[in-house]
Amino acid sequence: MESVAPEVFDIGITKSDMGREFYRVQIKSARRRDDRNGEVVIYAKKNNGKPYTLEEADYLIGILDGDVYMLENRELSEYWCPAHALSEKWTKLEIGIETLKGEAI
């Protein structure tokens, strides 16, 4: 989906079983913190240093090593997860970035 006006969110998604027609999603890189026992963090701040509000993004997507994880926006500036619990705490999307390489979209 392409925005016709400048918006805070990166993409809009729709999915019939999500109960609504349109959701705003902010995409961020996730990274492992070696100084925190390999825990994964998504920094979810805007350029002004404030977290995304629910009016700006319904969900966040974190990309880690080619895998894509989606989680609900709770208006936090950081989202942490132990590496062993990623698939339990965050929703791993079936199609990762590595899957898309070389495919016609």
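Residue numbers run from 1 in the order of the sequence given. The analysis underlying the following values was restricted to heavy atoms, covering all of them including side chains, and did not include hydrogens, waters or symmetry mates.
- The side-chain hydrogen bond (donor to acceptor under 3.5 Å, both in side chains) check on Glu56 picks up Lys46, Thr53, with sequence neighbours excluded.
- Tracing side-chain contacts under 4.5 Å through hydrophobic residues (I, L, V, M, F, W, Y), one reaches Ile63 starting from Tyr23; they form part of the same cluster.
- In terms of the salt bridge (Lys or Arg N to Asp or Glu O under 4.0 Å) criterion, Arg31 has no residue partners (sequence neighbours excluded).
- Annotation: salt bridge (Lys or Arg N to Asp or Glu O under 4.0 Å) contacts of Lys89 (sequence neighbours excluded): none.
- At a threshold of 4.5 Å between non-hydrogen side-chain atoms, the residues Trp90 and Cys81 count as touching.
- For the pair Lys92/Asp67, a side-chain contact is recorded, criterion being any heavy-atom separation below 4.5 Å from C-beta on.
- Counted within 6.0 Å of CG on Asn48, heavy atoms from surrounding residues, nucleotides or ligands total more than 12; the atom is thus considered enclosed.
- Not a single side-chain contact (heavy atoms from CB on, under 4.5 Å) links Ser29 to another residue, sequence neighbours left out.
- Partners of Glu39 according to the side-chain hydrogen bond (donor to acceptor under 3.5 Å, both in side chains) rule, which considers only residues two or more places apart in sequence or in another chain, do not exist here.
- Here Leu54 is tied to no hydrophobic group at all, with no ILVMFWY side chain closer than 4.5 Å.
- Atom CZ in Arg74 sits 9.5 Å away from atom CG in Leu60 (nearest 0.5 Å).
- Listed by chain and number, the residues in a side-chain hydrogen bond (donor to acceptor under 3.5 Å, both in side chains) with Tyr69 amount to none (sequence neighbours excluded).
- In this view, Asp34 satisfies the salt bridge (Lys or Arg N to Asp or Glu O under 4.0 Å) rule with no residue, not counting sequence neighbours.
- No hydrogens or angles considered: a donor-acceptor pair under 3.5 Å links the side chains of Asn73 and Tyr79.
- Contacts of Glu78 classified as side-chain hydrogen bond (donor to acceptor under 3.5 Å, both in side chains), with partners at least two apart in sequence or in another chain: Trp80.
- In this structure Arg32 satisfies the side-chain contact (heavy atoms from CB on, under 4.5 Å) test together with Val40, Leu64, Asp65, Ala83, sequence neighbours excluded.
- Residues Ile61 and Leu93 are in side-chain contact: their nearest non-hydrogen atoms beyond the backbone lie under 4.5 Å apart.
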